[in-house]
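Throughout, a chain's letter reflects where its sequence line sits, starting with A, and its residues are numbered from 1. Heavy atoms only: backbone and side chains are in, while hydrogens, waters and symmetry mates are out.
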Amino acid sequence: MPELPEVEVVRAGLAPALAGATVLGVSVLDERALTRHTGDGAHFEAALTGRRITGAARRGKFLWFPLEDPAEDAPTEAIVAHLGMSGQILLRAPGAAPERHERVRLDIQHPDHGELSVVFADQRTFGSLALDPLVPTPDAEPGGIGTTDAAVPAQVSHIARDPLDPAFSDAGFRAALARKDSAIKRVLLDQTVVSGVGNIYADEALWAARIHPETTARLLPTRAVNRLLAEVRRVLEKALAEGGTSFDAQYVNVNGQAGYFAHSLNAYGRTGQPCPRCGRPIVRTSFTNRSSHFCPHCQRVPRHRG
DNA sequence: GATATATCCTGTAGGC
DNA sequence: TGCCTACAGGATATAT
């Protein structure tokens, strides 16, 4: 279940292979992988074939690969990719046997690396690819990590910057929380407030910051918000350094090698096990179709609600 | 307008 | 052994 660190590992792995590569051909095996694309598989194939990719960029959990536009100085379109729950983008030798759950394959030609196959595989089909126009960023800063262009795909424009983005605004984050009447856990998962954080790292950051997941966001003191933001960054950076989490083997990086961060988790998935800080058991609660893991001793139920 | 829930999907784990 | 159910959850459409 890729979150920011896992997606960044994929981006960094793809960038050298994609930058400067030309799309020789596209095979759409399952059109469910194109739910974000306006058009069918044949359109996707025709629109990409012959195009030159300039690089690999990321904001939050969204990836995009800008496409050179011969008529313009900067790219005006990009291939947008989201891995969803179980998506993978794998680099393979040309003609390699189909991957399990393979949905789309791009055959590319790179000036230095020769021919490669870029395989999009996705078990649970929550992920998708699309061709999307690029739109300018409101703050004129680069659209995300891995690009210097002040542009993002249209369908990514509503997604907030992630906490590892140099253009992320801490003050904007504090202001957004001050307006939110929802539980802080929900707000952390709201990609329009802060991107890149999923259920795992939300639980981990809240545990580290000693904040109860049901605390109303706007009631958090500034000091707690700053502590939380620092812990979000620390958790994401640590996971990034370790290559991403992969305790359910769904996530693999571009070479098919699993990341490994599960042993470092303090709260997520540790229901009933001792809190690493105080030794009392970690508790699991459900909200909608999700679950939260926290220590009821270290992360006290907020005194004030609503 | 803000917030909460339902939905898409498939493989795995656990109960019986 | 095998059937059944619960569960995992990102983004978004729909509902409150």
Please tabulate, one pair per line, each protein N/O and nucleotide N/O from nucleotides 1-3 of chain B that are separated by under 3.5 Å, including the distance.
from   : atom 1 : to        : atom 2 : distance (Å)
dT3(B) : OP1    : Asp181(A) : N      : 2.8
dT3(B) : OP2    : Lys180(A) : NZ     : 3.3

Short N/O separations, protein against nucleotides 6-9 of chain B, under 3.5 angstrom:
from   : atom 1 : to       : atom 2 : distance (Å)
dC9(B) : O3'    : Arg32(A) : NH1    : 3.3

Short N/O separations, protein against nucleotides 12-14 of chain C, under 3.5 angstrom:
from    : atom 1 : to        : atom 2 : distance (Å)
dT12(C) : OP1    : Arg36(A)  : NH1    : 3.4
dT12(C) : OP2    : His158(A) : NE2    : 3.0

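Residues satisfying the salt bridge (Lys or Arg N to Asp or Glu O under 4.0 Å) test with Asp190(A), not counting sequence neighbours, are Lys180(A). In this structure Phe120(A) satisfies the ring-ring contact (aromatic ring centres under 6.0 Å, His included) test with no other residue, sequence neighbours excluded. Shown here are the salt bridge (Lys or Arg N to Asp or Glu O under 4.0 Å) partners of Arg186(A), two or more places apart in sequence or in another chain: there are none. Under the rule for a side-chain hydrogen bond (donor to acceptor under 3.5 Å, both in side chains), Arg179(A) has no partner lying at least two apart in sequence or in another chain.
Within the 4.0 Å cut-off from OP1 or OP2 of dA11(C), at least one side-chain nitrogen or oxygen of His82(A) is found.
Annotation: ring pair (Phe, Tyr, Trp, His ring centres under 6.0 Å) contacts involving residues 6-60 of chain A, sequence neighbours excluded, comprise His37(A)-His43(A), His37(A)-Phe44(A). For residues 13-33 of chain A, the set of pairs meeting the ring pair (Phe, Tyr, Trp, His ring centres under 6.0 Å) definition, not counting sequence neighbours, is empty. Within the structure, every pair that satisfies the side-chain hydrogen bond (donor to acceptor under 3.5 Å, both in side chains) test and touches residues 161-170 of chain A, not counting sequence neighbours, is listed here: Arg58(A)-Asp162(A), Asp139(A)-Arg161(A), Arg161(A)-Asp165(A), Asp170(A)-Arg233(A). Pairs engaging residues 74-86 of chain A under the salt bridge (charged side-chain N to carboxylate O under 4.0 Å, His left out) rule: Arg51(A)-Glu77(A) [sequence neighbours left out].
Atoms CG (Asn199(A)) and P (dC7(C)) sit 14 Å apart, rounded to a whole Å. Summarising the geometry, the separation between CZ on Phe287(A) and P on dA8(C) is reported as 11 Å, rounded to the nearest angstrom. Rounded to a whole Å, the CD atom of Gln88(A) is 16 Å from the P atom of dG10(C).
When only modelled atom types and interatomic distance are considered, Asn266(A) and Arg277(A) share no side-chain donor-acceptor pair under 3.5 Å. Side chain to side chain, Asp203(A) and His293(A) meet the donor-acceptor criterion of an N or O pair below 3.5 Å. Side-chain contact, Arg280(A) with His297(A): a donor N or O sits under 3.5 Å from an acceptor N or O.
No contact: Thr35(A) has no heavy atom under 4.0 Å from any strand.
Put simply, Leu129(A) and Val7(A) are part of the same group of oily side chains (I, L, V, M, F, W, Y) that touch within less than 4.5 Å, one to the next.
Listed candidates were dA11(C), dA8(C), dG11(B). Nearest to the side chain of His101(A) is dG11(B). When distances are taken from the side chain of Arg100(A) to each of dG11(B), dG10(C), dA8(C), the shortest belongs to dG11(B).
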Secondary structure of DNA chain B in dot-bracket form (Watson-Crick or G-U wobble, distances below 3.5 Å, | marking inter-strand pairs): .|||||||||||||||
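Between Asn199(A) and Leu189(A), the closest side-chain pair of non-hydrogen atoms falls below 4.5 Å.
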